[in-house]
Student: 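One structure follows; several queries about it will come next.
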Amino acid sequence: MTFNFHIPLSFGDLLKSGGIGQYVVQEVLPLRQLDAQLSAFQSALRVQGPLCILQHFDALYSMLHHFRSLDTALKEDLLEVMVKATSRHANELPAILEDLAMPAHQRNAHLNTLKMNCFILAQLVEAFEAETYKAALASVEPSGKGKKGKSKTDGFNWELEREQVLQTFTHLLQLEIRRLWSMSVVEEEFVSMMTGCCYKMMENPTIGMAKNKPVRDVLGHFLGVMVKRYNHMLSACVKVIQLLQHFDHLAPVLVHAVSLWATEYGMKPIVGEIMREIGQKCSQDLSREMSGVKALAAFLTELSERIPAIMMPSISVLLDYLDGESYVMRNAMLTVMGEMVIRVLSGDQLEEAEKNTRDHFLDTLQEHIHDVHTFVRSCVLQIYNRIVQEKALPLTRFQSVVALAVGRLFDKSVNVCKNAIQLLASFLANNPFTCKLGSADLREPLLKETKKLSELKEQLSKKQTVVVISPEEEWEAMLPELKEAFQMLVEDEDKDGYQDEAETPEALREHILLLLRKTSYKNAIRLVQSGALRFADGLFSVGGTMEQDAVLRILEHIFTEKSLGEKPNASEVAPAVVEATEEADTELSSQDLRKQEMLVQYLTDAYNFSQKIEEAIDVISKMMYETAVSVVQEVIEFFVTVSQFGVSQAVLGIRRMLPLVWSKEPGVRDAVINAYRRLYLTPKGESDRLNAQDLVHNLSLLMVDSSAGMISCLEEIVYEFIQKGDLRPSVTQLLWERFTQKSPCSQMERRAAIMLLGMMSRGQPEIVVSNLDTMVTVSLGDQVQEDYQLARDVCNSILKITDSHKPSLGKSSAPFRLPRDHCLFESLTRAVAGGIGQSDSHWLPFKETAVKLVYELAEEPDETCAEILLQCSRHVLDQITCTGEGSTLAAFLLTHLLSLAGDVVFNHIVHLERAVSAELRRRRVFKEEQEAEKLGCGKQRKSKGNDSTMEEELGLAGASADDIEAELIRKICDSEILEGKQYLSAFLPLVLQICSNPGKYSDPVLSTVASLTLAKFMMTSSDFCDSHLRLLFTLLEKSPLPRVRSNIMIALGDLSIRFPNLIEPWTPHLYARLRDPSRDVRKTSGLVMTHLILKDMVKVKGQVSEMAVLLIDSDQEIASLSRNFFNELSNKGNAVYNLLPDIISRLSDPDCGVEEGSFHTIMKQLLSYITKDKQTESLVEKMCHRFRTARTERQWRDLAHCLSLLPFTEKGLRKMQDCFECYGDKLSDDDVYNSFVNTVAKMRRGAKPELKTLIDEFEQKLHKCHNKGLENMESEEPQEENSEGHPPQPARKNPPAKRQPLSSINSVQKPKNEDDFQTPKHHPRRNPRKTVVVTFSSDEESDMEAELSDAETPKNPTPIRRTSARSRAK
């Protein structure tokens, strides 16, 4: 009986009875029979062939029915036999399909066999896929981490069998199996069944792994056959979209499949259909399905990388996404456009339509560089980066895109800024102009070539003017010459005439015309005369008389008529040659003009491009110290690229990145070191010598005009190079040659060489130690007076070896010092003493370094420095003796002498507290170790408990000994250094005399040095410091010299650390310098106060508002310094929070505050540090209560503005509502009311529904109170009085308070007489020194008159103790 096997919609449908002749499974066999049935099927397959499935289908169906219960071996056998049966049938089908005479029942049997085999095998595939997926889920732990393992059981691995099954299907479907169906139309159910198992495989997340690449390839080919031969294109399009929306991992898999279908199978229309399906998706729906959108975007992006040319015709269906809500789809569309520009629309051979499409795409990209979403802006910059790197951007768009990239440097997004920097670096690296892009280098060639272009245009215009001259004008010009030539011929009658072979009058005329144009006038006249003899008729008949007039008439007729355009004939060969020559000259000139125009345009574009890059450099260099590490790294990389293209401004960026070598971020520090390694250590020459010369030259240029801070940064980088062995010996050799002048160089390069040698000696001290005598001989010998800068640099280089020796020595080793009679110290003594009488300004820094070097390296340095002071003092006394009494001594002599004394006393203190103290400790420890060794082995036998007890006792004993040593050093400083018998005390009267009489000693440099020397002497003793603090603060307050005030401020910072209790009563005067009219004094004061406050050496009170005022300083460097101060202060617990109420009160005070606009700027910065909710709530309450004590409307407005800047929470709102009575009566002021309205509007953003209710109620209350007043709104409540029991005072409008002059000092009362300097209170010391009375001389300026008395001595200072951060927070 014949039957038809219909593909069921579901697996169970085969158990139901269908139509007439439809196959139905009769019985599902029990599980115990299946093994035997499979064996029977295998035997039948060997004997009967594939058609045996017609009798055994029920058994195979039963196996699928019980699939979950089958043994793994049975499953494997079932899969193997079905693959074998299907393959065998596929091998037999070609012959069957070619037999057109085959009976219908046989054809039907093969069709049923095909369907049954494919059905069973497809169901097996789906069953195995479901089992594998379930096993993968079971292997995932509850924590989300998967166990390592494969989905296999007892040696069977389905993942290895997939490929064979798919290959079997593909081989079968490539046959013309449609001939088995009637009308050769394959039923849709069969196609759906076959493709369904493939899509089921794709759903497995492991399909995207590298190991499954063969499976992906076979899947693509299988579905490609179905799409091409079985009308599966539309269904495939829909299925692709569905899979992308539900499975994130399928984007690369489907991209591979679709590109395969479009290229190898020629199904390009399917790409357009898929894009059309995606284009029909609603943007709003996609914005809600984030995972599906990402998969679609990834699909489009990767597909554009594979087949951009096939996608381009259908791109219009997706353009609506550019205006949609989903930024992911916008990014995808822009990326697709970028890929098309790179891969399809690049090059010079584009047609006009393709150029228009490219321009449209680039215009779209430029529009979206200002997109509202950060990720889109970043994406566009990345796309442009690829376009530039692939050299696909037209030259005409360079300027516009560079300008847009420069604009994006100001973007608020870090990623956008980073990508903008990368784009500009790509523009530089791939620019089509030149390898040297400095605008200064391009300006001169541009001007030169522009001038040349103008000259070419002028020449060409002249040639064109010659062409338009009429023949009559030309004839008139040549007529005098013709007459002269005729006269010459008449005189030379004996000579033979010029012969012509012309046979006709017309040929003769042409020859005569050619001769006239060549200015061969004699020959032309002879031909006319000859023609009159040969051709009597026509034109030449009039010349029979041979007279001059007749000949000239003939020549005029020939020349004018022919030039006016007589019809040419075959004999006009010669004139045509002339015209062709003229046209060729004109054409050649036009070509030269076009070439010159192109050259000028090229130079113009290059010049404009370099200017844009320089503009970008200025912006990017300011981003060097951004907080984002990635941005800083991109900035560093950018400047490395810029410097390689010779842009002059790159040196500024290279210098600015130097301080980043101290960055706490390892990535930034490594980036800086690697940048300098690439810039300076990359070999460029052919030999080590040339490379060393380049390195030394570049580093020397970097050091020109660099500050001491920059030099120290460069030293750290050089130290890193030495540590890594990056500097070759040839570099050291060249530096020594330059220093010793064996290699010719400038004085600047010589100084740079010794500085570099000093930097290198940090890592390799032997560089300096082994050549110490050479350095002394070359730079500190007889020629030292010629260049004190070189001598100072040599001393600094020698000082480097002291730092390198200290850590390398053991605890019991003696310090590294040179004997007192070493040639170094003898040379230094002669150099310092010999230069005191010279007015060279470089002697002062050299002397300072020399004294420091003596104290660092010499044994008995005080003796050496005493000898130097003695010789210098004698020289000054000799000068006084020479000039005689009553005469004026040169100011620089006193300046040099006092500066030397100050340096000696300062270094002497440092020597005592560091070197001497360390040596005492070393000797004590060494002695204790020796004593411990003498005790022998007895102590070693003691128990561990006794050992620990002994260690504790020894530790306490060591601490006590340290205190004794420190007390000894302090006693020496207090009582011996400035004792009357000591040589340093001899300079005190002179220092005090100059400092106390600034009117008499008016030299600015002398005044500066004297004040600084006084401060250094005050560092020695607390008694001396206490006695002269008033004089120092008087100079700080009233000195007209900013340098004096700046130096004293620095000195007071050091004194605050050394004697904090003495300086504490004078703290208001330190804060007062923050309002100094001098920019340098304000900057110095800001630096000093920053260090003192952050080191807890000054009590932070409300006077810190003076630091806040610097936030609005006109000098950006000072404002940046103040911002950094508050940034650091905000990291110290609740410091800023605790200070804010006092700062607000002081800055809004009408007597000593700031203007209202400035107050807003300051508070915006300070309130940004309030991030904790509890701090916000507390500040809200405090500021609301401040409204009660506010005296002016200005203070109301300031408090309301501060409230509007705070980040409010629900509790903060409730606090504000609870304190409504404090500020309700102030809401009548419009500015106060507007500030509260802004606060409400800010709270409303993102508020929850229950909070919005509270906000609405509060807003209504504000509005009602503003319109009617608090009393009218709450008339039932009694009118409240203020905290003093009086009714509120009426508001009084005051003008905005301005910054007060310098004379106003916070928290210090004004004295009765403004010219007197009031000394703060201070307690009397135990052993007070005899008070020194200093009176200013009569010739002193009146504003400096003051007298130090006992009544003005400070009383009751507050002791300053160092406290931990934890105790301060409490």
Student: Is there a donor-acceptor pair closer than 3.5 Å between any side-chain N or O of Arg817 and the backbone N or O of Tyr855?
Tutor: yes

Student: Restricting to non-hydrogen atoms, name the atom on Ser700 and the atom on Arg738 that form the minimum distance, rounded to 0.1 Å.
Tutor: OG-NH1, 4.1 Å

Student: I want to check something: taking the side chain as every heavy atom from C-beta on, are Ser400 and Gln366 in contact at a cut-off of under 4.5 Å?
Tutor: yes

Student: Quick one: are Leu702 and Ile654 in side-chain contact, heavy atoms under 4.5 Å?
Tutor: yes

Student: Kindly give the heavy-atom pair with the smallest separation between Ser761 and Lys800, and that separation in Å.
Tutor: OG-CB, 3.3 Å

Student: Quick one: does Ser797's side chain get under 4.5 Å of Leu757's, heavy atoms only?
Tutor: no

Student: Give the table of side-chain donor-acceptor pairs shorter than 3.5 Å for residues 1121-1130, with sequence neighbours excluded, one pair per line with atom names and distance.
Tutor:
| residue | atom | partner | partner atom | Å |
| --- | --- | --- | --- | --- |
| Ser1122 | OG | Met1107 | O | 2.7 |
| Asn1124 | ND2 | Ser1120 | O | 3.3 |
| Asn1127 | OD1 | Tyr1169 | OH | 2.5 |
| Asn1127 | ND2 | Arg1123 | O | 3.2 |
| Ser1130 | OG | Phe1126 | O | 3.3 |
| Ser1130 | OG | Asn1127 | O | 2.6 |

Student: Would a 4.5 Å heavy-atom cut-off, applied to side chains only, mark Thr641 and Leu424 as touching?
Tutor: no

Student: Could you pull out the closest heavy-atom pair between Asp411 and Cys417, with the gap in Å?
Tutor: O-SG, 3.1 Å

Student: Please list, chain by chain and in numerical order, all residues satisfying ring pair (Phe, Tyr, Trp, His ring centres under 6.0 Å) with Tyr676, sequence neighbours excluded.
Tutor: Tyr680

Student: Between the main-chain N or O of Met623 and the side-chain N or O of Glu626, is there a donor-acceptor pair closer than 3.5 Å?
Tutor: no

Student: Quick one: are Met755 and Phe739 in side-chain contact, heavy atoms under 4.5 Å?
Tutor: no

Student: Can you name the closest pair of heavy atoms from Ala392 and Ile342 and give their distance?
Tutor: CB-CA, 4.0 Å

Student: Is there side-chain contact between Glu1117 and Arg1079, with heavy atoms separated by less than 4.5 Å?
Tutor: yes

Student: Listed by chain and number, what are the side chain to side chain donor-acceptor pair (under 3.5 Å) partners of Glu637, not counting sequence neighbours?
Tutor: Arg678

Student: Looking at every non-hydrogen atom in both residues, tell me the closest pair between Leu1110 and Gly1086 and how far apart they are.
Tutor: CD1-CA, 4.3 Å

Student: Quick check for you: to the nearest 0.5 Å, what is the distance between Ser1056 atom OG and His1091 atom NE2?
Tutor: 13.0 Å

Student: Side chain to side chain contact (heavy atoms under 4.5 Å, CB included), that's the test. Do Lys852 and Thr802 meet it? Break it down for me.
Tutor: CA-CA 11 Å; Lys852 183 178 180 182; Thr802 61; over 6 Å; no

Student: Please determine whether side chain to side chain contact (heavy atoms under 4.5 Å, CB included) holds for the pair Leu381 and Gln422, giving the CA-CA distance in whole Å, both sets of side-chain angles, and the decisive distance to 0.1 Å.
Tutor: CA-CA 9 Å; Leu381 291 171; Gln422 290 176 348; over 6 Å; no

Student: With a cut-off of 6.0 Å (strictly less than), are more than 12 heavy atoms of other residues, nucleotides or ligands near CZ of Arg728?
Tutor: no

Student: Look up atom CD in Glu856 and atom OG1 in Thr849, then write down how far apart they are to the nearest 0.5 Å.
Tutor: 11.5 Å

Student: What is the distance from atom CE of Met1049 to atom NZ of Lys1083, rounded to the nearest 0.5 Å?
Tutor: 15.0 Å

Student: Identify, with sequence neighbours excluded, every residue that meets salt bridge (charged side-chain N to carboxylate O under 4.0 Å, His left out) alongside Asp726.
Tutor: Arg677

Student: Which atoms form the tightest heavy-atom contact between Lys1132 and Leu1094, and what is the distance?
Tutor: NZ-O, 3.4 Å

Student: Side chain to side chain contact (heavy atoms under 4.5 Å, CB included), that's the test. Do Val778 and Val794 meet it? Break it down for me.
Tutor: CA-CA 10 Å; Val778 172; Val794 169; over 6 Å; no

Student: Is a donor from one side chain sitting under 3.5 angstrom from an acceptor on the other, for Glu737 and Gln733?
Tutor: yes

Student: Can you name the residues that form a ring pair (Phe, Tyr, Trp, His ring centres under 6.0 Å) with Phe846, not counting sequence neighbours?
Tutor: Tyr788

Student: Applying salt bridge (charged side-chain N to carboxylate O under 4.0 Å, His left out), name anything that partners Lys418, two or more places apart in sequence or on another chain.
Tutor: none

Student: Excluding sequence neighbours, so at least two apart, what forms side chain to side chain donor-acceptor pair (under 3.5 Å) with Tyr625?
Tutor: none

Student: Can you sort out the partners of Asp1080 under side chain to side chain donor-acceptor pair (under 3.5 Å), two or more places apart, ordered by chain and number?
Tutor: none

Student: Taking C-beta and beyond as the side chain, do Leu393 and Phe427 meet within less than 4.5 Å on heavy atoms?
Tutor: yes

Student: Below 4.5 Å, heavy atoms only, C-beta onward: do Arg689 and Ser730 meet side chain to side chain?
Tutor: no

Student: Could you tabulate the donor-acceptor pairs under 3.5 Å formed by side-chain atoms of residues 709-725, not counting sequence neighbours?
Tutor:
| residue | atom | partner | partner atom | Å |
| --- | --- | --- | --- | --- |
| Ser712 | OG | Gly709 | O | 2.6 |
| Glu716 | OE1 | Arg762 | NH1 | 3.4 |
| Glu716 | OE2 | Arg669 | NH2 | 3.0 |
| Glu720 | OE2 | Arg669 | NH2 | 3.0 |

Student: Among residues at least two apart in sequence or on other chains, which ones pass ring pair (Phe, Tyr, Trp, His ring centres under 6.0 Å) with His373?
Tutor: Tyr327, Phe375

Student: Measuring from atom OG of Ser378 to atom CG of Asn331, what distance do you get when rounded to the nearest 0.5 angstrom?
Tutor: 8.5 Å

Student: Taking side chain to side chain donor-acceptor pair (under 3.5 Å) as the test, write out the residues that go with Asn385, two or more places apart.
Tutor: Gln389, Ser426

Student: My understanding is that only residues two or more places apart in sequence, or in another chain, count here; which of them pass salt bridge (charged side-chain N to carboxylate O under 4.0 Å, His left out) with Glu634?
Tutor: none

Student: For Phe639 and Arg656, run side chain to side chain contact (heavy atoms under 4.5 Å, CB included): C-alpha distance rounded to whole Å, both residues' side-chain angles, the deciding distance at 0.1 Å, then the answer.
Tutor: CA-CA 10 Å; Phe639 277 107; Arg656 282 181 65 89; over 6 Å; no

Student: Do the side chain of Asp1115 and the main chain of Ile1118 share a donor and acceptor less than 3.5 angstrom apart?
Tutor: yes

